[in-house]
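Sequence positions, counted from 1, serve as the residue numbers for this chain. Note that these values count all heavy atoms, side chains included, but never hydrogens, waters or copies made by symmetry. These numbers come from a predicted model, not from an experiment. When a ligand or atom number is given, it counts from 1 through the structure's own listing order.
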Amino acid sequence: MTTHSLTLPGLSAEELSRVSAPLEKAWTLPTAAYTDPDLYEVEIERIMRKSWLPVGRAEQVPNPGDYICFTLYDQPLMLVRGTDGDVRVMSRVCLHRAAPIAEGEGNRKLFSCPYHAWSYATDGQLVRAPLMEGTEGFDEKSCKLPELRSEIWEGFVMVNFDDDAEPFAPQVASYQKAFSNYKLDDMVIIKTLEFDSPWNWKVLVENFMEAYHHIAIHKTTFEPVYPAKDSKIPDADGPYSILHMPAIEAHADDPDGLPLIEGLEDWQRDDLLATVLFPYFLLAFQGTSATWYQITPVSVDRLHLKIHFLVPKTSAALPHIEEIAEGAGALLSVIHHEDIEANDMVWAGLKAPLTSQGRLSPLERSIWQLNQWWLGALSKTGS
Ligand code: FES
Ligand SMILES: [Fe+2]
């Protein structure tokens, strides 16, 4: 791939060729890649609006009429299970004069706009528009809230703003096969932590995807169990990266009070795997559970993060599960606060005028893989 011809706000051809060099010679992204608002707009146009993004789990809307509101790249949306049982992601902006018709989450069979009470069914169909008699050519039946393309993949609701995007599942077939033993589709969220963080989204993804920092940031937590030097990052056969962190020794059978997932290989029971499906779908796997870091970029320098802890349905039905969920949440919080410290430091440094590109360690191969994908995605203007 030639990047010399790629023109991106704030980035020189020389900087880009350092990023696209083979890993042994590669450098990090230039600081502008994290801080330049114009470049962020280009990312939104060429990456975020063209990629499959996870916005929820189907199990979060189990009953007809269940809904969760959120906003993605200025578009107010809601994840809804229709009275027909189907899960949809649709605009929640009223077709009359653009007021959002719902906020928060709950259960409704009808969404009534708070402004002039136009009412929509759970599939987005307008069913009632009061006092519109005498409006020429107005037909309620032809009014339906726009729906985003969505796919349910392993229980995750994936959306794509691009109607022409290739379907998600075939693109990540090799990933799905590699993790099929964990049976993600059968898992449910038992604990969620939330954070607002003042960093560019790539700062968090990069931190998630390398174990090099275990030697300093997690030296008393992860490093004694998953030493940085043993971490491995294989070639990826698709738009993703996998960081394999072998455990120094086999764990006890029941490390966090949860049963091991049935059907795992021995190494899968013991080791920790951190993965990213590009651009920012972060999933980690361990012998008992999975963890989903749900990133929602808010601006070039801000993101919202939900850390969800998932276990198999059979584990979620254990009588003492609430206590286990609290314990898991406390541990995730300790680890994430260590990472917050790291990301805060990086963010302060990235904004400093004398900061330039740095060299990548072979242990940071995932960052290099993400950078190559990022350059490729930004090269496609798609118009
Ligand atoms: S804006 Fe929704 S009914 Fe008027
Ligand atoms: Fe970390």
Side-chain angles (χ1 to χ4, degrees), residues 69 76-78 90-103 108 110-121 124-135 138-140 142-146 193 195 197 199 201-231 233 241-247 271-276 280 282-286 291-293 295 303 305 307 309 328 330-347 361 363-367 370:
C69 297
L77 293 164
M78 55 183 181
M90 54 197 183
S91 168
R92 58 187 167 92
V93 176
C94 185
L95 299 174
H96 176 223
R97 277 181 35 225
I101 58 165
E103 299 287 348
R108 286 195 212 167
L110 214 55
F111 292 91
S112 181
C113 177
Y115 201 174
H116 313 92
W118 284 26
S119 298
Y120 301 85
Q125 178 63 51
L126 179 65
V127 291
R128 184 167 172 266
L131 306 179
M132 289 291 285
E133 297 80 8
T135 313
F138 175 71
D139 177 18
E140 286 170 10
S142 66
C143 297
K144 199 169 184 185
L145 297 170
L193 309 176
F195 303 87
S197 300
W199 322 309
W201 63 277
K202 296 187 290 300
V203 170
L204 176 56
V205 174
E206 292 178 359
N207 172 263
F208 191 86
M209 287 309 299
E210 52 92 351
Y212 186 16
H213 71 281
H214 289 190
I215 56 172
I217 287 291
H218 304 301
K219 66 172 171 287
T220 61
T221 48
F222 274 162
E223 179 63 15
V225 190
Y226 309 110
K229 67 173 175 39
D230 293 344
S231 64
I233 298 161
S241 176
I242 295 170
L243 165 64
H244 179 185
M245 292 165 272
D271 298 353
L272 180 62
L273 292 126
T275 72
V276 54
Y280 56 67
L282 301 180
L283 275 174
F285 298 85
Q286 49 187 346
T291 309
W292 171 29
Y293 276 48
I295 296 178
L303 60 87
L305 173 67
I307 302 180
F309 187 66
L331 184 60
L332 286 169
S333 177
V334 167
I335 299 293
H336 187 60
H337 277 94
E338 292 177 344
D339 285 319
I340 286 175
E341 202 179 311
N343 294 338
D344 281 346
M345 291 190 297
V346 166
W347 190 240
S361 152
L363 294 177
E364 294 166 305
R365 189 161 184 232
S366 284
I367 296 177
L370 171 64

field: Minimum heavy-atom distance Phe208-Thr275, with the two atoms named
entry: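 Closest pair (atom of Phe208, atom of Thr275, distance): CE2-O, 3.6 Å.
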
- prompt: Do you know which two heavy atoms are closest between Ala228 and Ile215, and how far apart they sit?
  reply: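 Answer, listing the atom of Ala228 first, then Ile215: CB-CG2, 3.7 Å.
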
field: Nearby protein N/O/S atoms (those under 2.8 Å) for the Fe ion (ligand 2), with water ignored
entry: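 As for protein N, O or S atoms lying under 2.8 Å from the Fe ion (ligand 2), they are His213 NE2, His218 NE2, Asp339 OD1, Asp339 OD2.
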
task: Determine, for Glu103 against Arg92, whether the closest basic-nitrogen to carboxylate-oxygen distance falls under 4.0 angstrom.
output: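 Counted as a salt bridge, because a side-chain N and a carboxylate O are separated by less than 4.0 Å.
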
All ring-ring contact (aromatic ring centres under 6.0 Å, His included) counterparts of His116, not counting sequence neighbours: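 With sequence neighbours excluded, His116 shows a ring-ring contact (aromatic ring centres under 6.0 Å, His included) to His96, given in chain and number order.
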
query: What pairs with Glu341 under salt bridge (Lys or Arg N to Asp or Glu O under 4.0 Å), at least two apart in sequence or on another chain?
result: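 Glu341 satisfies salt bridge (Lys or Arg N to Asp or Glu O under 4.0 Å) with no residue once adjacent residues are dropped.
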
query: Between the side chains of His218 and Glu338, does any donor sit under 3.5 Å from an acceptor?
result: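 Yes, Glu338 and His218 have a side-chain donor paired with an acceptor closer than 3.5 Å.
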
field: Side-chain donor-acceptor contact under 3.5 Å, His213 with Asp339
entry: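 Note: His213 and Asp339 side chains meet the donor-acceptor criterion.
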
message: Which label fits Tyr293 and His336: parallel for a plane angle under 30°, tilted from 30 to 60°, or perpendicular past 60°?
response: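 If you compare the ring of Tyr293 with that of His336, the planes turn out perpendicular.
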
message: No waters, cut-off 2.8 Å: how many protein N, O or S atoms are close to atom 4 (Fe) of ligand 1?
response: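 Atoms of protein N, O or S type lying less than 2.8 Å from atom 4 (Fe) of ligand 1 total 2.
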
message: Please tell me whether Trp118 and Phe138 form a close aromatic pair, meaning their ring centres lie under 6.0 Å apart.
response: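 Ring centroids of Trp118 and Phe138 are less than 6.0 Å from each other.
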
